[in-house]
Amino acid sequence: MIARKYILNGKENFEKVEKEGKILQFPSFGLAYLAREDGKDSKFGFIISTKVSKDSVQRNRIRRAINEAVRYYMTDIKKGFDIVFLAKQLALRKSTDEIMNETRNALKQAGIASR
């Protein structure tokens with residue numbers, strides 16, 4: 001789990017990222033990000049709706065996999081971003097390793113991670 005200081009809180013912050021930020025689509029999730037350009041630590045939010053799965057165990061598995069990937073690559077992530085992951089149903093059929101690799105590649109493609 002990533003530290004609490006890296007968690008994006010508040011409905012207004014999620015809406016701001018989705019409206020003002022850029023959105024990239026990947027097979028397992030959408031990635032919405034907004035550059036704050038304030039030099040503070042980047043913050044992350046995760047949206048895994050009941051449309052993805054009615055089973056909370058499955059939704060939490062996806063959330064934990066993306067969360068773990070973010071934690072693992074935290075040292076490579078640039079400061080000053082608000083980032084929201086929007087899970088898709090395809091993520092249910094992927095292993096944790098596949099989700100983690102896709103998360104790493106998504107962060108690199110968005111220009112948020114350095115390596």
Subject >> Under 3.5 Å: donor-acceptor pair, side chain of Lys88, backbone of Pro27 >> reply: no

Subject >> Taking every non-hydrogen atom, the tightest pair across Val52 and Gln89 >> reply: O-CG, 3.5 Å

**OP:** Verify side-chain contact (heavy atoms from CB on, under 4.5 Å) between Asp41 and Lys5, making sure each step is shown before the conclusion.
**Re:** CA-CA 8 Å; Asp41 291 325; Lys5 69 178 185 175; 3.9 Å; yes

**OP:** Of all the heavy-atom pairs spanning Glu98 and Arg93, show the shortest one and how long it is.
**Re:** OE1-O, 4.5 Å

**OP:** Look at atom NZ of Lys108 and say whether more than 12 heavy atoms of other residues, nucleotides or ligands are closer to it than 6.0 Å.
**Re:** yes

**OP:** State which residues pass ring pair (Phe, Tyr, Trp, His ring centres under 6.0 Å) with Phe81; sequence neighbours excluded, sorted by chain then number.
**Re:** none

**OP:** Verify the distance criterion only: is there a donor paired with an acceptor across the side chains of Asn67 and Arg64 at less than 3.5 Å?
**Re:** no

Original post:
Is there side-chain contact between Leu31 and Gln109, with at least one heavy-atom pair below 4.5 Å?
Top reply: no

Subject >> Residue pairs fulfilling ring pair (Phe, Tyr, Trp, His ring centres under 6.0 Å) with at least one residue in residues 89-115, sequence neighbours excluded >> reply: none

Original post:
Got a second to check how far Ile23's CD1 is from Glu18's CD, nearest 0.5 Å?
Top reply: 6.0 Å

Subject >> Summary of ring pair (Phe, Tyr, Trp, His ring centres under 6.0 Å) pairs that have at least one residue in residues 44-72, sequence neighbours excluded >> reply: Phe46-Phe85

Subject >> Single-linkage hydrophobic cluster Tyr33~Ile48, side-chain heavy atoms < 4.5 angstrom >> reply: yes

Original post:
Atom CE of Met74 and atom CG of Leu107: how far apart are they, to the nearest 0.5 Å?
Top reply: 9.5 Å

**OP:** Kindly give the heavy-atom pair with the smallest separation between Asp38 and Gly80, and that separation in Å.
**Re:** OD1-CA, 3.7 Å

Less than 3.5 Å apart, which donor and acceptor atoms pair up between the side chains of residues 99-106 and the rest of the protein, not counting sequence neighbours?
unit_1: Asn101; atom_1: ND2; unit_2: Asp97; atom_2: O; d: 3.4
unit_1: Glu102; atom_1: OE1; unit_2: Ser28; atom_2: OG; d: 2.8
unit_1: Glu102; atom_1: OE1; unit_2: Lys94; atom_2: NZ; d: 2.8
unit_1: Glu102; atom_1: OE2; unit_2: Ser28; atom_2: N; d: 2.8
unit_1: Thr103; atom_1: OG1; unit_2: Ile99; atom_2: O; d: 2.8
unit_1: Arg104; atom_1: NE; unit_2: Tyr73; atom_2: OH; d: 3.2
unit_1: Asn105; atom_1: ND2; unit_2: Asn101; atom_2: O; d: 3.2

Subject >> Closest contact, heavy atoms only, Gln58 versus Ser53 >> reply: CB-OG, 3.7 Å

Original post:
Going by the salt bridge (Lys or Arg N to Asp or Glu O under 4.0 Å) test, which pairs reach into residues 43-55, not counting sequence neighbours?
Top reply: none

Subject >> Considering all heavy atoms, the nearest Leu92-Arg61 contact >> reply: O-NH2, 3.2 Å

**OP:** Just grab all the ring pair (Phe, Tyr, Trp, His ring centres under 6.0 Å) pairs involving residues 6-28, residues at least two apart or on different chains.
**Re:** Phe26-Phe29

Original post:
How about Leu34 and Lys16: do any of their side-chain heavy atoms sit closer than 4.5 Å?
Top reply: yes

Original post:
For Glu12, does the CD atom have more than 12 heavy-atom neighbours from other residues, nucleotides or ligands under 6.0 Å away?
Top reply: yes

Subject >> Exercise: identify the closest heavy-atom pair between Ile83 and Leu8 >> reply: O-CD2, 4.4 Å

Original post:
Nearest 0.5 Å, what's the CD1-CD1 distance between Ile112 and Ile77?
Top reply: 7.5 Å

Subject >> Val17-Ile47 co-clustered via ILVMFWY side chain contacts under 4.5 Å >> reply: yes

